[in-house]
There are 2 protein chains.
Amino acid sequence: MLSKKTKYGLKALTYIARTGDDVPVQVSAIAKSEQIPQKFLEGILLTLRKAGILGSKKGKHGGYYLRSLPSDIKMTDVMRVLEGPIAMVPCVSLNYYEKCDDCPDEHACSVHKLMIEVRDSTLKVFRNKTLGDLSQV
Amino acid sequence: MLSKKTKYGLKALTYIARTGDDVPVQVSAIAKSEQIPQKFLEGILLTLRKAGILGSKKGKHGGYYLRSLPSDIKMTDVMRVLEGPIAMVPCVSLNYYEKCDDCPDEHACSVHKLMIEVRDSTLKVFRNKTLGDLSQV
DNA sequence: GTAATCCCTACTAAATTGATAGGATTAATA
DNA sequence: TATTAATCCTATCAATTTAGTAGGGATTAC
């Protein structure tokens, strides 16, 4: 299941991309338009900023803006920041690999084999999908 | 993240498929070989039986067996039983569709669009992957 | 009749999720 | 310079889910 965090994060990014101007977008505006609890959203945008996807401006007339063109923001990056590893098990994760305690031999493990295929197919989607694609109406 | 339930379930099914005989396989044997807490595994095999994937025989020399040939047991079915809906959000689920409270228009929703693609690509993997494929060494 | 096996229900501890609360910091502007 | 509007940060919390345990009931082979 997709977490609310990810869902809200994607919606917020889309909102910012659609607004499109060079003026920063306020959390309050996004929260209101997308029906997201504002305080919760604050935290989400903060992680996106710390991950380098968003930039921010403090104080009056402050807000958030994209650090790159929407068409340059890949879903792989966004999803990893919001939802964590794309792989469903650590033993097939490219970026967060971890050996299973149980499994003596990964190559003989049926779960491993299956999850590699799922990972690759999901990755293929996220790799050629950008925020630009998402924000197209 | 894949739940332990699913992971254990897949390993157990693979074990049964590999044993391959017509004699039922005991929970204790699977638990020992695959390093799964036996009582936990009992419950998992029970759900697989109730879903019609496994059959069981009670009493001495009882155990679990596959209701179909490994090559006829599709991962779509197994995964739905163990892990639940394949879609990451209910609004793109084929079997468990549910409208989002927030979203006024699904077609305009960026999350919806993205998750349909993820669902389709995952489905493609599960649809042409059977237990037979998994149990190949 | 006894031992081995599946079957069923209830319980529990730990982790995660989805928030909320309260204020600190920063910047524009009247 | 004081005010206001924003982001930033930490702590806390309730509800849910997950992973597992406990205890025994029902069934069957021998």
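All values reported here derive from a predicted model rather than from experimental measurement. In what follows, chains carry the letters A, B, and so on, assigned in the order in which the sequence lines appear, proteins first and then strands, with residues in each chain numbered from 1. The basis for the numbers below is simple: all heavy atoms, side chains too, and nothing from hydrogens, waters or symmetry mates.
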In whole angstroms, how far is the [atom2] atom of [N] from the [atom1] atom of [X]?
X       : N      : atom1 : atom2 : answer
A:Leu2  : C:dG18 : CG    : C1'   : 14 Å
A:Phe40 : D:dT7  : CZ    : C1'   : 18 Å
B:Tyr65 : C:dT5  : OH    : C1'   : 14 Å
B:Lys5  : D:dT17 : NZ    : C1'   : 12 Å
A:Glu42 : C:dG18 : CD    : P     : 18 Å
A:Ile16 : D:dT7  : CD1   : P     : 10 Å
B:Lys39 : D:dT18 : NZ    : C1'   : 19 Å
B:Met1  : C:dA15 : CE    : C1'   : 12 Å

message = Set out, in order, the CA-CA distance, both residues' side-chain angles and the distance that settles side-chain hydrogen bond (donor to acceptor under 3.5 Å, both in side chains) for A:Ser28 and A:Gln38, then state yes or no.
response = CA-CA 6 Å; A:Ser28 57; A:Gln38 178 161 344; 4.9 Å; no

ask   = How would you label the contact of B:Gly63 with the nucleic acid (heavy atoms, under 4.0 Å): base, sugar-phosphate, or nothing?
value =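 Sugar-phosphate only.
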
Do any side-chain nitrogens or oxygens of [X] fall under 4.0 Å of OP1 or OP2 in [N]?
X       : N      : result
B:Lys50 : C:dC8  : yes
A:His61 : D:dA5  : no
B:Ser56 : C:dC7  : yes
B:Lys58 : D:dG25 : no
A:Arg49 : D:dC8  : yes

key: Side-chain donor/acceptor of B:Gln26 to base of C:dC6, under 3.5 Å   =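 For B:Gln26, whose side chain was compared with the base of C:dC6, there is no donor-acceptor pair (under 3.5 Å).
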
message = Is there, by distance only and without an angle test, a donor paired with an acceptor across the side chain of A:Lys7 and the base of C:dG18 below 3.5 Å?
response = no

query = Between the side chains of B:Glu98 and B:Ser93, is a donor N or O closer than 3.5 angstrom to an acceptor N or O?
reply = no

Point-to-point distance, once rounded to the nearest 0.5 Å, from CZ of A:Arg18 to CG of A:Leu134 =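 If I round to the nearest 0.5 Å, the distance is 8.5 Å.
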
Select one nucleotide: of [options], the one nearest the side-chain heavy atoms of [X].
X       : options               : value
B:Lys4  : C:dC8, D:dT21, D:dA19 : D:dA19
B:Leu46 : D:dC30, C:dC7, C:dA19 : C:dC7
B:Tyr64 : D:dC8, C:dC8, C:dC6   : C:dC6

task = Output yes when a side-chain donor or acceptor of A:Arg119 lies under 3.5 Å from a complementary backbone atom of A:Val92, and no otherwise.
result =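 Checking the backbone N and O of A:Val92 against the side chain of A:Arg119, a donor-acceptor pair under 3.5 Å is found.
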
query = Closest nucleotide of DNA chain C for B:Lys57 versus for A:Lys60: which of these residues is on the 5' side?
reply =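 Mapping each residue to its closest nucleotide by heavy atoms, the 5'-most match is B:Lys57.
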
ask   = Start at the 5' end of DNA chain C and walk down; is the nucleotide closest to A:Tyr8 or to B:Gly59 reached first?
value = B:Gly59

key: Lys/Arg N to Asp/Glu carboxylate O, B:Lys7 vs A:Asp102, below 4.0 Å   = yes

message = Measuring only between side-chain heavy atoms, which start at C-beta, is B:Cys103 closer than 4.5 Å to B:His112?
response =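 No, every pair of side-chain atoms sits at 4.5 Å or beyond.
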
